[in-house]
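Just so you know, ligand 1 is whichever comes first in the structure, and atom 1 is the first atom listed for that ligand. In this text, all values refer to a predicted model and were calculated from it rather than measured experimentally. Any value given below was found using the heavy atoms of this structure, including those in side chains, with hydrogens, waters and symmetry copies removed.
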Amino acid sequence: MQLHSPYLDWDAQKALLDEIRDIVTKAPLFTPTMPRWGRPLSVRMSNCGPLGWISDKSGYRYEPIHPDTGEPWPPIPQSLLDIWSELTSYEAPPEACLINYYSPNAKIGLHVDSDEDDRNAPILSLSLGDDARFRLGGLERNGPTKSFILKSGDALLLDGEDRMAYHGVDRIYPGTSTLLNEPGRINLTLRRVTTPSGRRNHSM
Ligand code: SIN
Ligand code: FE2
């Protein structure tokens, strides 16, 4: 894991927030539900990029269209593509940017990001708004975990052995940032979903 705290200064956070607000007017936040039972998650979501992560009764997956509007997701802003290039040395651009919106009581249980075919690419996360307590474990659900605070402007890279590590968000600390107009937090995760085609086989 690599934590850059902060990575974005105030002006860059504001500029990114404006871009995310614009995306969310085109692709409104939806309420994902758990597979099978359909219990709603406390986090609301949207996406940008050719693919977006969704969850409903049929399961977790990536889809090219918004589940409520049926429209393609808006493109990933150039500023986010530039951050991906700066912080990862990955050979291909991200295909999905999941936008998580946490109201003060929202949280996300321990999980692994495993719906991507490409497990070599890192997951790059950017935080805006109130502080969150992030929990990072290992490859086993019941293994030891550590927790730390993610602040507005922080960039966290889950790479190497942490790419498939259990992680979650225990809680939000409302009122710790004035970036958003109300208490809450936005987290963006940039993901490569498909395996890049034309990958060179260095052993040949
Ligand atoms: C996630 O794992 O999907 C979100 C992580 C975060 O909100 O920091
Ligand atoms: Fe995750």
Side-chain angles (χ1 to χ4, degrees), residues 1-8 13 16-17 20 24 29-35 40-49 51-56 59-63 73 80 83-84 87-88 94-119 121-141 143 145-174 176-177 179-180 183-193:
M1 140 196 141
Q2 288 174 46
L3 175 60
H4 303 262
S5 181
Y7 180 69
L8 300 172
Q13 292 172 41
L16 181 56
L17 178 62
I20 298 306
V24 169
L29 293 170
F30 63 91
T31 300
T33 59
M34 291 294 286
L41 304 191
S42 59
V43 177
R44 292 196 296 146
M45 298 180 170
S46 187
N47 289 273
C48 53
L51 293 170
W53 189 86
I54 67 165
S55 176
D56 59 20
Y60 303 136
R61 63 197 183 278
Y62 284 92
E63 291 281 359
W73 305 104
L80 287 175
I83 295 172
W84 174 270
L87 290 183
T88 82
E95 294 167 298
C97 173
L98 174 64
I99 301 167
N100 282 168
Y101 175 71
Y102 297 80
S103 56
N105 292 318
K107 55 189 176 199
I108 217 161
L110 277 183
H111 66 278
V112 177
D113 293 354
S114 59
D115 301 312
E116 303 74 28
D117 289 332
D118 190 338
R119 307 280 174 84
I123 302 274
L124 173 57
S125 128
L126 294 165
S127 295
L128 296 172
D130 284 332
D131 294 358
R133 188 166 70 216
F134 186 84
R135 189 163 293 280
L136 181 63
L139 302 179
E140 310 283 339
R141 175 174 287 280
T145 64
K146 59 185 176 187
S147 68
F148 50 92
I149 304 294
L150 289 180
K151 293 182 166 297
S152 197
D154 285 1
L156 175 70
L157 209 53
L158 289 184
D159 57 357
E161 61 188 24
D162 293 324
R163 169 64 183 79
M164 298 305 290
Y166 277 89
H167 61 278
V169 172
D170 299 341
R171 62 161 297 188
I172 305 298
Y173 295 91
T176 44
S177 164
L179 187 78
L180 312 186
R185 170 176 184 258
I186 295 170
N187 177 261
L188 311 174
T189 46
L190 292 162
R191 293 110 180 258
R192 179 76 199 181
V193 181

**Study point:** Value rounded to 0.5 Å, distance of CZ in Arg171 from CZ in Arg185
**Key:** 12.5 Å
Study note, to complete from the structure: Protein N/O/S atoms closer than 2.8 Å to the Fe ion (ligand 2) number 3
Check your understanding: How far is atom 7 (O) of ligand 1 from its nearest protein heavy atom, and which residue and atom name does that atom have?
Key -> Tyr102 OH, 2.5 Å
Check your understanding: Nearest protein heavy atom to atom 3 (O) of ligand 1, by residue and atom, and its distance?
Key -> Asn100 OD1, 3.5 Å
Check your understanding: Out of Ile186, Leu41, Val43, Asn47, which one pairs with Asn100 under the side-chain contact (heavy atoms from CB on, under 4.5 Å) rule?
Key -> Val43
Study note, to complete from the structure: Closest non-hydrogen contact found for Ala106 with Ile172 is O-CG1, 3.7 Å
Review point. Does the side chain of Ile149 come within less than 4.5 Å of Arg133's, by heavy atoms?
Key: yes
Check your understanding: What atoms of ligand 1 come within less than 4.0 Å of a heavy atom belonging to His167?
Key -> 2 (O)
Study note, to complete from the structure: Looking only at protein heavy atoms, what sits closest to atom 8 (O) of ligand 1 is Arg185 NH2, 2.9 Å
Review point. Do we see a donor-acceptor contact under 3.5 Å between the side chains of Asp154 and Ser127?
Key: no
Practice item. Return the residue, atom name and 0.1 Å-rounded distance of the protein heavy atom closest to atom 5 (C) of ligand 1. Key: Asn187 OD1, 3.6 Å
**Study point:** Donor-acceptor pair, side chain of Ser152 and main chain of Asp130, under 3.5 angstrom
**Key:** no
Review point. Is the shortest side-chain N to carboxylate O distance from Arg191 to Asp118 below 4.0 Å?
Key: no
Review point. If you measure every N/O of His111 against every N/O of ligand 1, is any gap under 3.5 Å?
Key: yes
Review point. Is a salt bridge present between Asp131 and Lys151, judged by a nitrogen-to-oxygen distance below 4.0 Å?
Key: yes
**Study point:** Thr189 and ligand 1 - part of the residue with a heavy-atom distance under 4.0 Å
**Key:** neither
Practice item. For the pair Phe134 and His167, name the ring-plane relationship: parallel under 30°, tilted 30 to 60°, perpendicular over 60°. Key: parallel
